[in-house]
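Here the structure is laid out as structure tokens; the discussion comes afterwards.
Predicted model only: the values in this text are computed from it and were never measured. Chain A is the first sequence line, chain B the second, and so forth, proteins listed ahead of strands; every chain is numbered from 1.
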Protein chains: 2
Amino acid sequence: MQSSQNDADAVSPAQAEPIDDLPTSDRPSAAMPAQSQPTHEQPADTAPADPNHVVTLADVARATGFSQMTVSNALRDRPKVSEANRRKIKEIAQRMGYQANAAATMLRNRRSGIIQIVIDDFEVPFHASLAKYLAQEATARGYQVAVRQSERSGSAEMRVLKTERGLIYDGVILDAPNITEAQVLAHAHGRPAFVIGDCADFSAVDSMDTACAPGAAAAAEHLWERGCREFYVLGAPEHWPADAATTNATNTTNHMDFGPRRFAAIVDALARHGACIDDDHRIPCDWTLEGGHDAATRLATRLRATHTINAADGMATADDSNSIRHSNTGSESAAVWATDVPVGVLCLTDTVALGALRAFAEHGVRVPDDVRVIGFDGLAIDAYAVPSLSTVAMDVPAMAATVVARLVAAIETQPASAPPAGAMHETIPYRLVARESSR
Amino acid sequence: MQSSQNDADAVSPAQAEPIDDLPTSDRPSAAMPAQSQPTHEQPADTAPADPNHVVTLADVARATGFSQMTVSNALRDRPKVSEANRRKIKEIAQRMGYQANAAATMLRNRRSGIIQIVIDDFEVPFHASLAKYLAQEATARGYQVAVRQSERSGSAEMRVLKTERGLIYDGVILDAPNITEAQVLAHAHGRPAFVIGDCADFSAVDSMDTACAPGAAAAAEHLWERGCREFYVLGAPEHWPADAATTNATNTTNHMDFGPRRFAAIVDALARHGACIDDDHRIPCDWTLEGGHDAATRLATRLRATHTINAADGMATADDSNSIRHSNTGSESAAVWATDVPVGVLCLTDTVALGALRAFAEHGVRVPDDVRVIGFDGLAIDAYAVPSLSTVAMDVPAMAATVVARLVAAIETQPASAPPAGAMHETIPYRLVARESSR
DNA sequence: ATGAAAGCGCTAACAA
DNA sequence: TTGTTAGCGCTTTCAT
């Protein structure tokens, strides 16, 4: 992919930071007694020459006696400078603490070497994980990454991703469900963009989908195989079937984002077995721990009624300062369904599932004896939950690698007027991981 | 704080994006039948006028018949343009899809309105949470945020934060323990910087500390009050006392980062009660789920021997595909220490604690009956763990607010040659949250 | 191998 | 109220 690596006109971001490899300015040489650290740049009370003046290329040129161009070439390891001078120049520039002004460089090169990543919320583990691997991939390819939260303006309505002074970035990766193609284009503003989310209907923007349908179907199959014959879906869409027009125009859920797709796949998969997810078995909730906890609490109450479970007292609630004692959950014979068949609980996201596990524990509903639970995402913490959480795990690193590869390719082809050729939509691999919560 | 809001020379980033508030270009008006979406910018086969040419201020000037300056002033809502013309210009600019070239703007203004945040790892919940609130705070103050992973080069040695083409940012927030002041200065490169971490010895860089010492002491006190008389510390420093010089020069732990500080405070607090944390009770491990799990597994084994615990079979390991059945953990009388006194387990981070809870469950060690566990950080998931996790919770939003306030102040004073006045070091509030794991 | 000139797109300062 | 000039710091021609 590094085809235009030659000294042609293309500015490869990889070779744009040669001086950064040198030790930092206040570390005179390599080895030195680590004891005394006279590190301060300016002793805080004297104003040596110029208070806060940043050294520019011109300064270095003046100091070395060379022209700006020679200095520039030397610093960037261009072949047309004599070895001796190159070394000398680098030396001096380094000592002066010179660092290229990125704004100027970008203005000239029309390239920043920075990819922007927009995610909905740093705190949502799945997105955080994705950001991590995207960043690593980008770094490996010589790009830097700037991650930003989408800051969808609070309430459901004004959910437009505020476009900003972001024209600095060479490309954009939007990890945000609930986004329209128009919004993406507005944000990208001509630069290559890539969306992570369900965008099968996008015609001009490449995207990658999280295997919602097959993954969710696999989860349903799994619980079926594990003997469940009655199923609940936690975190399901508020309205179903998705009567897009009927509901509020500024709805929380977009036309076809993760939730509906996963839910639809589950319904289909179970229907094939003759099982039905009616409105009573579709439990909407926020895709948060709290959401999952609340939903499962409601479910536990209902199950207790329906299934005449003679549960022991559970734990107290998850709220900060209330709960007191460990539960008697385990006391063998206490909590068993009237029927011997465990209930299947499909959570559309691991976060919901983790909240649900807690609620079940509080209410004396045993997992997996009474209910079998499976989530969706594959968070690291799943394996450490008690009981450990079965899940449809996404291969996030693979996902990240593909996305960055695509985007970088687009960035580096862009000037050559590549044929748009219609949008590409890929699906990332998933893996069903069966753990204690479903067996 | 918006003092220089006037039309003075200062470029307030808040007022630098007026055109962004308008609807996006390909959304002609507000309402429109949501059915047909002819959204495509270029039908993918025609090359209208100029393939990928971004409209510049000059283009708009030409199109409107005004000078660049008038257009510029109009677009930025400067007072010296007639209302009529302003509207007209904005209109046209908007329709042309004009968006200011950020690189040029930055080059001119010497201001980007972007704050850089560097964190160690997006996937570590505490840091992710911090990033989230920092971003929100910055946004509220009219700045944007670009978050980046520090990418410390893998192994212990070359742990220098790679300095990069980052001179675009107005200020830097480094959320990274294990950093030297020299590294910070090298990265900041003249711009205001703020470090989150333990930097009491920094002389030129402001910093904020996470109340390591008092928080850890409070945790110890809490477990003491809860009746514990024997204590283990999970995630403790590898070497203690911190014989800095003796150990490998390029050690994993820096002189005095979170770990040692928290550990020292615990030792002190317990010493006041006459309890002692010797080498046997100091259990080092990675600050990860796995680390906590492994450490607690070792501890469980040891306790079983020491305390002649007649434990029932626990669950299987946390590893993906092994464990099979729910444990008999709860069966009332099975697992009780020979002595009636519960063991205190202090985890230096919640992540470690969560891993430990899992390990204890696997090994039939009952929490809080046999051991009482407390963590450090205050992650959202703590309340949903089974059992819910006691912790020393940091007030992350407060932390973020203070940090951003400080940094923004520094940014907006910078040119006025503010007196460095020595570095400031603050400590953020903490709160001890007692949950099931310790009572 | 080195240097001089020009300009990337924008805006502060000064005319008009 | 509007336009003209100059220059932020860098790098790509095009001389030398």
List every contact pair, protein side and nucleotides 3-5 of chain C side both N or O, where the distance is under 3.5 Å.
from, atom 1, to, atom 2, distance (Å)
C:dG3, OP2, A:S67, N, 2.9
C:dG3, OP2, A:S67, OG, 3.0
C:dG3, OP2, A:T70, OG1, 2.7

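- Of the candidate nucleotides C:dT11, C:dG9, C:dA6, C:dG9 has the atom nearest to the side chain of B:A104.
- Between B:S72 and C:dT11 there is a side-chain polar atom (N or O) within less than 4.0 angstrom of OP1 or OP2.
- Sequence order on DNA chain D of the closest nucleotides to B:S82 and B:R110 puts B:S82 first from the 5' end.
- C:dT2 atom C1' lies 16 Å from atom CD of A:E83, rounded to whole Å.
- If you take CG of A:N109 and P of C:dG9, they are 13 Å apart, rounded to a whole angstrom.
- For the helix from C:dA1-D:dT16 to C:dA16-D:dT1, the terminal axes (five pairs an end, C1' atoms, rotation from four pairs onto the next four) enclose an angle of 40°, given to 10 degrees.
- Of the candidates C:dG9, D:dC10, C:dC10, the closest approach to any side-chain atom of A:T105 belongs to D:dC10.
- Here A:A63 pairs with A:I92, A:M96 under the side chain to side chain contact (heavy atoms under 4.5 Å, CB included) rule; sequence neighbours left out.
- Between A:E91 and A:R87 there is no salt bridge, since no side-chain nitrogen of the basic residue lies less than 4.0 Å from a carboxylate oxygen of the acidic one.
- The interatomic distance linking B:L107 (CG) with C:dT11 (C1') rounds to 11 Å, in whole Å.
- Looking at B:D77 and B:K90, a side-chain N of the basic residue comes within less than 4.0 Å of a carboxylate O on the acidic one, giving a salt bridge.
- Rounding to whole angstrom units, CD1 of residue B:I89 and P of D:dT1 are separated by 13 Å.
- Not one side-chain nitrogen or oxygen of B:R108 sits closer than 4.0 Å to the OP1 or OP2 atom of D:dC10.
- Within residues 56-64 of chain B, the residues approaching DNA chain C are B:T56, B:L57, by heavy-atom distance under 4.0 Å.
- In terms of the side chain to side chain contact (heavy atoms under 4.5 Å, CB included) criterion, residue partners of A:A146 (sequence neighbours excluded) are, by chain and number, A:I114, A:Y169, B:A146, B:Y169.
- The distance between atom CG of A:N101 and atom C1' of C:dC8, rounded to the nearest whole Å, is 13 Å.
- Note on B:R78: a side-chain N or O is less than 4.0 Å away from OP1 or OP2 of C:dA12.
- Between A:Y98 atom OH and D:dG9 atom P there is a gap of 10 Å when expressed in whole angstrom units.
- Pairs of residues two or more places apart, or lying in two chains, that qualify as salt bridge (charged side-chain N to carboxylate O under 4.0 Å, His left out) and include a residue from residues 62-74 of chain A are A:D59-A:R62.
- Of the side-chain N and O atoms in A:N85, one or more sit less than 4.0 angstrom from OP1 or OP2 of C:dT2.
- With sequence neighbours excluded, no residue forms a side chain to side chain contact (heavy atoms under 4.5 Å, CB included) with B:R108.
- Ionic pairing of B:R86 and B:E83 is present here: one or more N-O contacts between side-chain nitrogen and carboxylate oxygen are shorter than 4.0 angstrom.
- When each of A:V118, A:V172, A:V195 is tested with A:V184 by the rule side-chain contact (heavy atoms from CB on, under 4.5 Å), just one qualifies, namely A:V195.
- In terms of the side-chain hydrogen bond (donor to acceptor under 3.5 Å, both in side chains) criterion, residue partners of A:S207 (sequence neighbours excluded) are, by chain and number, A:H425.
- Here B:T64 pairs with nothing under the side-chain hydrogen bond (donor to acceptor under 3.5 Å, both in side chains) rule; sequence neighbours left out.
- In this structure, the CD1 atom of B:I168 is 14 Å from the P atom of D:dC10, given to the nearest Å.
- Applying the side chain to side chain contact (heavy atoms under 4.5 Å, CB included) test to A:Q68 and every residue at least two apart in sequence or in another chain returns A:L57, A:A58, A:A61.
- B:R111 places its CZ atom 24 Å from the P atom of C:dG9, with the value rounded to the nearest Å.
- Applying the side-chain hydrogen bond (donor to acceptor under 3.5 Å, both in side chains) criterion to A:T56, with sequence neighbours excluded, gives no partner residue.
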